[in-house]
Amino acid sequence: MRHDGSDRADTFPDRRTVEAARAGDAGAVERLTAGVLPLVYNVVGRAAERDLDVDDIVQDTMVAVIRALPELRDAAKFRS
């Protein structure tokens, strides 16, 4: 069996977690942020000019993500 990731059933985040987080479920928000935090650190770490800025930028980004959850129209688009 070929595994190229295109048929993954464990893709994160799943729609239910995003929708629960949008509805204010604190546990879902925690799972969602914990799941995307490594990706955000990776992206910011590559873009930031100084290592000292990374933590601040990641924190600001995650706060913005959490605050914007109620306006997210399509849960499937969360990752992008």
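Only heavy atoms go into these numbers, but all of them, side chains included; no hydrogens, no water, no symmetry mates. Computed from a prediction, not measured in an experiment: that's the story for all the values here. Each residue takes its place number in the sequence, starting with 1.
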Under the side-chain contact (heavy atoms from CB on, under 4.5 Å) rule, collect the residues that match up with Arg15, sequence neighbours excluded. Glu19, Asp74, Ala75, Ala76

Of all residues at least two apart in sequence or in a different chain, which pass the salt bridge (charged side-chain N to carboxylate O under 4.0 Å, His left out) check with Asp25? none

Using a side-chain heavy atom cutoff under 4.5 Å and only I, L, V, M, F, W and Y, what cluster partners does Leu39 have? Val43

Is Val63 reachable from Val58 through a run of I, L, V, M, F, W or Y residues, each pair having side-chain heavy atoms under 4.5 Å apart? no

The criterion is side-chain contact (heavy atoms from CB on, under 4.5 Å); which residues satisfy it with Val65, sequence neighbours excluded? Thr61, Phe78

According to side chain to side chain donor-acceptor pair (under 3.5 Å), does anything in residues 36-48 pair up with another residue at least two apart or in another chain? List the pairs. Tyr41-Asp55, Asn42-Arg46

Under 3.5 Å donor-acceptor pairs involving side-chain atoms of residues 27-35, not counting sequence neighbours:
residue: Arg31; atom: NH1; partner: Gly27; partner atom: O; Å: 3.3
residue: Thr33; atom: OG1; partner: Val29; partner atom: O; Å: 2.9
residue: Thr33; atom: OG1; partner: Glu30; partner atom: O; Å: 3.1

Heavy-atom nearest pair, Met62 first then Val40, reads SD-CG2, 3.8 Å

Which pairs, with at least one residue in residues 59-73 and sequence neighbours excluded, count as a salt bridge (Lys or Arg N to Asp or Glu O under 4.0 Å)? none

List the atom of Arg79, the atom of Pro13, and the distance in Å for their closest heavy-atom pair. CB-CD, 4.3 Å

